[in-house]
Amino acid sequence: MSRLFYASIFLLFQRTLSFSSYKPGSGIGLARSTSSDSRASMHRGNACFASVVTHENDMFHDVDEELSPSYSVSGSAVDVVNGATKDSSTGPSIQTKENEPTSTPASQRRKAKSEMEQLVLDIRSLYRDLELGGGSIRRNMMNGLSFTYVAPASSESHTSHSNLNGAWRSQTPLTYDLDADWPHIHKQITEERTKLSHSSNPPPLVVYLPGLDGFGISATSQFDDLSTTFELWRMTVDKGNVQLTFAELMTTVVKFIDDATKSFETPREVIVIGESFGGLLACAIAMALKASAKYNLTLKGMALVNPATSFDETNWEQFVPLLTSLRYLETQEVILDDRGNFRIGDISRRLPTPYSVLGGISLAATVPSQKQLTSILRFVFRSVISDSPQNALSVSSDGFRILAEYLPAATVEHRVLKWLPVGTSVVNNPRLSNLDVPTLVVAGNDDNMLPTKEEANRLAKLLPDCVKMDISGSGHFVLDSVNLTEVLLDSHIDPLDLQKNSTYDPITDWTLPPKDVVDRVIQKRVEPQRKRVSPVFFSTDSVTGKRRRGLSLVPSNSNGPLLFVGNHQLFAQDLDIIISQLIEERNIVARGLMHPTAADGFTGTGLGEPSVRTQKRKWEFNEDSPVDPNIFSMFGAVKVNPRNFYRLLQTGQAALLFPGGVREALHGKNEAYQVFWPAKTDFVRVAAKFNATIVPLAAIGAADSVTIVMDAPELLQLPFGVGESLANFSKNTTSARYDTADGDELFVPPLALPKPFSARNYFLFGRSFDTSNLDPKDKDSCQKMYQDIQEELKADINALLQARKYDPYATDGLRRTAFQRLFGKEPPTFPLESLQPSRIP
């Protein structure tokens, strides 16, 4: 029985256990603050769960004794003083319990709590902090709503707290009623921020709207960073309020934002963050604020985190009434057994209610991501093994009661049936497409509670100024996987106008990612490619023309700019291999020049269909997709145009250019390894202007890994409108050449079928060409060098094609794979002497 309870209870601890650093008893509100301020002299977590965790069974009998001092609250503000009553003119008094034993530590009076037992206490503490504390100012509104201002943490307390034991939890709020003087509140906020070395100028006002729980337990790790950067107010909804309508909720939030901004002389910038149901509410709030010009504010943007705007695409409206009706089965009846010496009532207080059990299981099936679920189960079953059945039963029961206490069945039923359907009908109408507010949708791609992945695409297409951020591997609690403050600062919302005022230059200010990121990209993206194609690299002595295995003969760009010019292989699928090899073997960072379509993320859409704009986290890349343009940019690639090419060489960097462009990368049948360079010699003239060294790069193998069924001209002749659609797509594609009109460049990939095993890839860096003595104004000399480089490249391609005939593993992928598995290394290649030397003039 206890194992079943443990397997079901894990959802309740999802928010806590998703952090690998969690340690029971140390991560959620058990640390004392070091602040000298009396209102923060004791961490509220100590007092919070002391007042609520009182149980009749032996397990929790002495909880109050362990957590001294505990308190009772009267009045409108909470203020804790360690071991004494504080008489405050702005708040109530706190009464400590009398005759409370403090001389003997609880750990000596009873055995230490189990991990699971401590976790239950910590979860209760976290909920209590969200409900009663967790901020320096609280503004009570009508209808059971309150907004709590989270003051920025000092640098010491910010760094000394973990994600769960946030500095925000050390704050005890002063509570103001609905008629509070807002200028006084603003003055208090300004003084607090100035005291902590923050600017006295008000930052953007950020309002966080939680999900249906009304507390925002999934966002607690974000509060410290958000409060440091913005003026953060978080909304709390009374868990017992089952009369509040969606309209009243929306009106109350709008009134709070209006009250918080109208006393300023100039319009206040406001950002609304909504998570889950809060995302739906945020859209409604934004529509109301934009509908009237009376508000003294500028709606700077919205951040929608797994928004419930897709609620009408789910079955929760049918399932929840069935779940919440289980509350009518609850009983506390006391029954004696046939001997009269065993009372079920003693156990009934330990057993969870049907609603809490099935509710926990239902949420467990939808909230955690696979990664979070694995972490939780590992913790749960470790606790099962180490705990006694009696203790397991009691702890499980208490854990399930958390769900019943903070998400009561009646409250869940009311909010699901009265808020969500009304909210979706308010938001999902034609007016939403006119909501011109910079919007960021943060979407957990593995969200099982809502169809978030599809909803993010819908909103990104529907809203006039919307960008989506997909978080792969994350479920409904997506905020466990991102730093929302960093995401906002990097977004198009640009809350602090950093991008508008930025002087960042992608040519001169770009830097290679940290080594751990580079290593991870190589491990996840490049190594699988290397195993498939077993690449072999050669370089050339520019004096003798002799070849050498490896890149030791490739010149460095330490003495001037370096330009690699190569032939594009089919689908340009070898770029990762080339760039990573140069970094690893020669520490040369070759910055690619990308086709505009690749630079824009290949966001082609159907005719008349709006595009989807996306945002990536810093250093994020898609480990599963074979094409991720974000990696190109991460490793320094820039859009190909004359200005970027000019400035790369002007600043002495290494550049990687494929003059054949799309014509080579998307070549047709019987065109493998042909060179299609334009007649113009521009890259030679620019290289000569800056005395760059030009190195031709020949590559083969990719075209032998597929069979081209239909090439571009054949595809354009397809019937039933297919060919016409492809032609329209190509015409709407931006050309890579500045002197070529859009549509003149045929951007239609051939239809190719991969072979069972990829052919081996070979790369040859040819002899280098020095342009230091070349006059860029001498067109004839530039033309001759251009032709010499092109002929060198063609000769090197032919040399590789001839030499690979002596490699038994060149096209025999099965044999090559068997060698890799058997010996754990790449198989040998052709003898070096079979590779024809370069012809030195």
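We're numbering straight along the sequence, starting at 1. Note that this is a predicted model, so its numbers are computed, not measured.
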So which heavy atom on [X] is nearest to which on [Y], and how close?
{"X": "P495", "Y": "I271", "answer": "CB-CD1, 3.4 Å"}
{"X": "V695", "Y": "L562", "answer": "CG2-CD1, 3.9 Å"}
{"X": "V748", "Y": "A712", "answer": "O-CB, 3.5 Å"}
{"X": "P513", "Y": "V518", "answer": "O-CG2, 3.5 Å"}
{"X": "A654", "Y": "N557", "answer": "N-ND2, 3.6 Å"}
{"X": "G766", "Y": "E792", "answer": "CA-OE2, 4.2 Å"}

Ring center gap for [X] and [Y] short of 6.0 angstrom:
{"X": "F658", "Y": "W677", "answer": "no"}
{"X": "W510", "Y": "Y504", "answer": "no"}
{"X": "F819", "Y": "Y809", "answer": "yes"}

Is it true that a side-chain atom of [X] and a backbone atom of [Y] form a donor plus acceptor pair closer than 3.5 Å?
{"X": "S580", "Y": "I577", "value": "yes"}
{"X": "D711", "Y": "H667", "value": "no"}
{"X": "D465", "Y": "V437", "value": "no"}
{"X": "N567", "Y": "A699", "value": "yes"}
{"X": "T485", "Y": "N483", "value": "no"}
{"X": "S474", "Y": "S481", "value": "no"}
{"X": "R586", "Y": "L551", "value": "yes"}
{"X": "R532", "Y": "F757", "value": "no"}
{"X": "E664", "Y": "A672", "value": "no"}
{"X": "K669", "Y": "M710", "value": "no"}

Pick from R530, R525, K531, K524: which one makes a salt bridge (Lys or Arg N to Asp or Glu O under 4.0 Å) with E527? R530
Rounded to the nearest 0.5 Å, how far does [atom2] of [Y] lie from [atom1] of [X]?
{"X": "F683", "Y": "T771", "atom1": "CZ", "atom2": "OG1", "answer": "11.0 Å"}
{"X": "L774", "Y": "K689", "atom1": "CG", "atom2": "NZ", "answer": "12.5 Å"}
{"X": "L656", "Y": "I578", "atom1": "CG", "atom2": "CD1", "answer": "6.0 Å"}
{"X": "T681", "Y": "Q787", "atom1": "OG1", "atom2": "CD", "answer": "9.5 Å"}
{"X": "Q836", "Y": "N798", "atom1": "CD", "atom2": "CG", "answer": "7.0 Å"}
{"X": "L726", "Y": "L718", "atom1": "CG", "atom2": "CG", "answer": "7.0 Å"}

Applying side chain to side chain donor-acceptor pair (under 3.5 Å), run through S534 and R816 and close with a yes or a no. CA-CA 8 Å; S534 301; R816 193 174 65 247; 3.0 Å; yes
Give a yes-or-no answer on whether the side chains of [X] and [Y] include a donor-acceptor pair shorter than 3.5 Å.
{"X": "D682", "Y": "Y786", "value": "no"}
{"X": "S491", "Y": "Q615", "value": "no"}
{"X": "Y762", "Y": "D807", "value": "yes"}
{"X": "T508", "Y": "T651", "value": "no"}
{"X": "N728", "Y": "S725", "value": "no"}
{"X": "K468", "Y": "N457", "value": "yes"}
{"X": "Q573", "Y": "S705", "value": "no"}
{"X": "R548", "Y": "S539", "value": "no"}
{"X": "Q569", "Y": "D574", "value": "yes"}
{"X": "Q529", "Y": "D576", "value": "yes"}
{"X": "E826", "Y": "Q820", "value": "yes"}

Given L746 and V662, is the side-chain contact (heavy atoms from CB on, under 4.5 Å) satisfied, shown in steps? CA-CA 8 Å; L746 185 57; V662 170; over 6 Å; no
Charged tip of R663 within 45° of F676 ring normal and under 6.0 Å: yes
Between F538 and R547, is there a cation-pi geometry (under 6.0 Å to ring centre, at most 45° from the normal)? no
Would you check, one step at a time, whether the test side-chain contact (heavy atoms from CB on, under 4.5 Å) holds for L751 with I708? CA-CA 6 Å; L751 177 61; I708 296 179; over 6 Å; no
Report, as yes or no, whether the 6.0 Å neighbourhood of atom [atom1] on [X] holds more than 12 heavy atoms from other residues, nucleotides or ligands.
{"X": "D516", "atom1": "CG", "value": "yes"}
{"X": "D505", "atom1": "CG", "value": "yes"}
{"X": "E585", "atom1": "CD", "value": "yes"}
{"X": "N587", "atom1": "CG", "value": "no"}

Name the orientation class of the two ring planes belonging to F747 and H595 (parallel below 30°, tilted from 30 to 60°, perpendicular beyond 60°). tilted
Student check: side-chain heavy atoms of L835 and F830 closer than 4.5 Å: yes
Salt bridge or not between D788 and K784? Use side-chain N to carboxylate O under 4.0 Å. yes
Answer yes when D497 and K300 have at least one side-chain N-carboxylate O distance shorter than 4.0 Å, and no when they do not. yes
I'd like to know whether S781 forms a side-chain contact (heavy atoms from CB on, under 4.5 Å) with D775, so could you lay out the CA-CA distance, the side-chain angles of the two residues, the decisive distance to 0.1 Å, and finally the verdict. CA-CA 8 Å; S781 297; D775 184 359; over 6 Å; no
Do T693 and S768 pass the side chain to side chain donor-acceptor pair (under 3.5 Å) test, and can you show the C-alpha distance, the side-chain angles, and the key distance before you say yes or no? CA-CA 7 Å; T693 300; S768 59; over 6 Å; no
Do you know which of L657, V638, I579 makes side-chain contact (heavy atoms from CB on, under 4.5 Å) with R591? V638
